[in-house]
2 protein chains.
Amino acid sequence: MSGRAVTIAEVARHAGVAVSTVSYVLSGKRTISADTRRRVLDSINALGYHPHAGARSLASKRSNVIALVLPLRAGMHVPVLMRFATAVVTAARRFDHDVLLLTADEGPEGIRRVAASALVDALVLMDVELHDRRVPLLRELAEPSVLIGFPAEPAGLTCVDLDFAAAGARCVAHLAERGHRQVALLGAPAVVYERGTGFARRTREGFTAAVAAHGLEGVALPCEETFDEVHATVAGLLASRPALSGLVVHNEAAVNHVLGSLRQLGRRVPQDVAVVAICPDDVAERAGPPLTSVLIPAEEVGREAVRLVMRKLEGLEVPDSTLLPPHLAIRAST
Amino acid sequence: MSGRAVTIAEVARHAGVAVSTVSYVLSGKRTISADTRRRVLDSINALGYHPHAGARSLASKRSNVIALVLPLRAGMHVPVLMRFATAVVTAARRFDHDVLLLTADEGPEGIRRVAASALVDALVLMDVELHDRRVPLLRELAEPSVLIGFPAEPAGLTCVDLDFAAAGARCVAHLAERGHRQVALLGAPAVVYERGTGFARRTREGFTAAVAAHGLEGVALPCEETFDEVHATVAGLLASRPALSGLVVHNEAAVNHVLGSLRQLGRRVPQDVAVVAICPDDVAERAGPPLTSVLIPAEEVGREAVRLVMRKLEGLEVPDSTLLPPHLAIRAST
DNA sequence: GGAGACTGTCGAAGCGCTTCGACGACCGGC
DNA sequence: GCCGGTCGTCGAAGCGCTTCGACAGTCTCC
């Protein structure tokens, strides 16, 4: 296996057919008799043939590789990104494509580079920002792309994401059903709102609208991520709103701190305060108590992004915007 | 930018030289006069030329891509993996290489596929297990590889990792310096030890050896990751060992639960119990109180892995084993 | 039974690049 | 003034694959 690689010419010789016949067996682009096909496939197995990716890409103008571009935001290391990444890779393999990983460090130039050098056929961008520097480039690129998340001006782009507004609203509706009248949203750190990250704002909008629609009283606060700051926020909130009994937490890093803080303040969950989180399932399950939550459907989003980009590669029409509906898992915290 | 791609022939015509001259300007493999070089480079810029990756790989037998292989372990989504990944990509770009992301789903076959199809020149495997199915394959592959983590039989392989034994020992030494006599290690979930994951075992060995060396009393326990189980473990530990005053936690998901549990049991950190963690810096910083910790140097490990694999690609000798020394950051918890 | 339409296979022309050997032009040394 | 050696450049031969046009051989239908 470590000698010189097997070529299509050797397979053809071994099977007693022309090189082009082997190629057509592999691609299925012309009809081949069952008998010949079997002989060729047997030879391929016998010799352990794998087509040379570079040669294939040169001749066919398709690399069968898509780029997966990491978020621009520095220091983004949240676990959910890894889920997106593995979901994208797994889905891409189903379409017989591989995935090239690109960091934000290179910025738009990196995207241009891999596209212009025909390293990749298409691009999936994770977790785009509202005003993402890379978005204008995508519009002028010949290669199709799909964004996970929504920029401020999504016209002419293909975007996929969890419907965060619906997720925020779903959490409020759940609390309203349970009879809570005064609720609060603990969201992302203030800097995230200032940066204009789409999902944080959209959750807040969904929350606020649902609070009004259900005739509740509600407040939405940003939430930092150290225990001490979380504790101060929670304590302040409870002090200023004694009747508050429902909490929506949309901050993966702060979720456990919120629960710890409530425990320290002597509030029982869910008897005194009900808590709904928007976070990955494993975080919700491991919390004390396990949290009712809207999960971030990373696998589903990744799969959908790949499906869309593959359709675009085939020249098919795709919707500009795909919003995946939130799913609420009820656990012990409400 | 979206028209047909620029080729080396067009650059050559534009600059008034032969195709091979352009190639030599780019590769530097033959001397080119300063004057010609400048004309060629100007043409490259003017036309926006990017060499076709497939053609280059076909002609040169180098794809300038390395594979990054995710851990085999299902459901591994810990944040630290994302750091490895970004570190590897960033480091690879410094060597003018890109990174192809491979999931564990495909197993050894996936590795064989990308190697045999010349999609990648070399491989980096993240977080290998003690008895990893992919390791035998790596030995017979012509392409060089580097492992992050150590399998049971590392002979003939190149491995990089944090020196977890030293990390465990360093934590014990720190607690001993602070005057603690009775200490405990809360490690990974039991299933991780059973699976034989190297880093969990090595931390425990380092811990145990250091406890003996410092003449302390110590116990090492596995630790599950739900709040309730962590709480039971912590409560049981404190009940059975009233004099226990130092805790080493090597479990990223459980760290905040341990602190919450101590708070609930009325033990102050660090006055009643000192806590040292082995976990990423951001988790330690955000904890309440901020934790003295040995950080997982993901960036450094990733960079070193790439450096080694590049040296192997050049045919240079590299050490079989690279252990990065632990670094202890002292914070409020000890 | 022959025209026309398929079927299954082949050969050859690229795809865009690297690299090898060749070859003028120029240099210094005798 | 001529020889051997660099230096800088060129042309052409691949690298391994896909795809186009060609072409025997079969089938179908009137």
Side-chain angles (χ1 to χ4, degrees), chain A residues 3-41 43-44 47-65 96 113-121, chain B residues 3-41 43-44 47-65 96 113-121:
Chain A
R4 228 188 61 280
V6 180
T7 73
I8 196 173
E10 300 174 51
V11 174
R13 200 173 319 130
H14 187 275
V17 299
V19 162
S20 50
T21 303
V22 176
S23 179
Y24 286 123
V25 166
L26 252 20
S27 70
K29 294 195 178 173
R30 287 206 179 168
T31 47
I32 297 285
S33 68
D35 180 55
T36 306
R37 184 201 311 292
R38 278 209 31 74
R39 278 217 319 290
V40 169
L41 291 176
S43 297
I44 286 176
L47 301 177
Y49 169 65
H50 289 263
H52 187 289
R56 179 172 266 193
S57 128
L58 178 57
S60 69
K61 313 203 160 309
R62 282 296 196 89
S63 67
N64 277 31
V65 174
D96 200 33
R113 181 177 60 81
V114 296
S117 66
L119 243 185
V120 306
D121 297 333
Chain B
R4 228 188 60 284
V6 181
T7 72
I8 197 173
E10 300 173 52
V11 174
R13 201 173 318 130
H14 188 275
V17 299
V19 163
S20 49
T21 303
V22 177
S23 179
Y24 286 123
V25 166
L26 252 20
S27 70
K29 294 193 179 176
R30 285 205 181 170
T31 47
I32 297 286
S33 69
D35 178 56
T36 306
R37 183 201 312 293
R38 279 211 30 76
R39 279 219 317 289
V40 169
L41 291 177
S43 297
I44 286 175
L47 301 178
Y49 169 67
H50 289 263
H52 188 289
R56 179 171 266 195
S57 127
L58 178 58
S60 70
K61 312 204 161 309
R62 281 298 196 90
S63 67
N64 276 30
V65 175
D96 200 33
R113 181 178 60 81
V114 296
S117 66
L119 242 184
V120 306
D121 297 333

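Because only heavy atoms are used, hydrogens play no part in the values below, and waters and symmetry mates are left out as well, while side chains stay in. Proteins get letters first, then strands, A, B, ... in listed order; numbering begins at 1 in each.
A straight line from NE2 of B:H50 to C1' of C:dC17 spans 16 Å, rounded to a whole angstrom. Residue A:Y24 contributes atom OH, which lies 16 Å from atom P of C:dT7 at whole-angstrom precision. Going from atom CD1 of A:I32 over to atom C1' of D:dT19 covers 13 Å, rounded to whole Å. Atom CD1 of A:I8 is separated from atom P of C:dC10 by 12 Å (rounded to the nearest Å). Rounded to an integer number of Å, the gap from B:K29 NZ to C:dC20 C1' is 12 Å. Between B:R13 atom CZ and C:dG16 atom P the separation is 11 Å, expressed in whole Å. The CZ-P distance, from A:R39 to C:dG8, rounds to 14 Å in whole Å. In this structure, CG of A:L26 is placed 14 Å from C1' of D:dT19, rounded to the nearest angstrom.
The minimum heavy-atom distance between A:V40 and A:A15, with the atom names listed, is CA-CB, 4.1 Å. The shortest non-hydrogen separation linking B:R39 to B:V17 is NH2-CG1, 3.5 Å. Shortest non-hydrogen contact noted between B:S117 and A:H50 is N-CB, 4.1 Å. Residues A:A5 and A:E10 approach most closely at O-OE2, 3.7 Å, considering heavy atoms.
Within 4.0 Å of B:V19, counting heavy atoms only, lies at least one base atom of the nucleic acid. Here B:S33 lies in heavy-atom contact (under 4.0 Å) with sugar-phosphate atoms only.
The side chain to side chain donor-acceptor pair (under 3.5 Å) pairs that include a residue from residues 22-32 of chain B number zero, where partners must be two or more places apart or lie in different chains.
For the helix from C:dG1-D:dC30 to C:dC30-D:dG1, the terminal axes (five pairs an end, C1' atoms, rotation from four pairs onto the next four) enclose an angle of 30°, given to 10 degrees.
Counting distance only, with no hydrogens placed and no angle test, the side-chain atoms of B:T31 and the base atoms of D:dG8 include no donor-acceptor pair under 3.5 Å.
Regarding contacts with the backbone of C:dC10, a side-chain N or O of A:T21 is found under 4.0 angstrom from either OP1 or OP2. In terms of phosphate contacts, B:Y49 brings a side-chain nitrogen or oxygen within less than 4.0 Å of OP1 or OP2 of C:dC17.
B:V11 pairs with exactly one of B:L41, B:L26, B:V19, B:L47 by the side chain to side chain contact (heavy atoms under 4.5 Å, CB included) rule, that one being B:L47.
For the pair B:V114/B:V65, no side-chain contact is recorded, criterion being any heavy-atom separation below 4.5 Å from C-beta on.
At distances below 3.5 Å, not a single donor-acceptor pair connects side-chain atoms of A:S63 with backbone N or O atoms of A:S57. Remark: side-chain polar atoms of B:D96 are not paired, donor with acceptor, to backbone N or O of B:N64 under 3.5 angstrom.
The residue among A:T7 and B:D35 whose nearest nucleotide of DNA chain D lies closer to the 5′ end is B:D35.
When the nucleotides C:dA22, D:dG21, C:dT18 are ranked by their closest atom to the side chain of B:R30, C:dA22 comes out on top. Comparing atom distances between the A:T36 side chain and each of D:dC17, C:dT9, C:dC10 picks out C:dT9 as nearest.
Here A:I44 contributes atom CD1 and A:I8 contributes atom CD1; the two are 7.5 Å apart, rounded to the nearest 0.5 Å.
For DNA chain C, the neighbouring residues in residues 54-64 of chain A, judged by any heavy atom under 4.0 Å, are A:L58, A:A59, A:K61.
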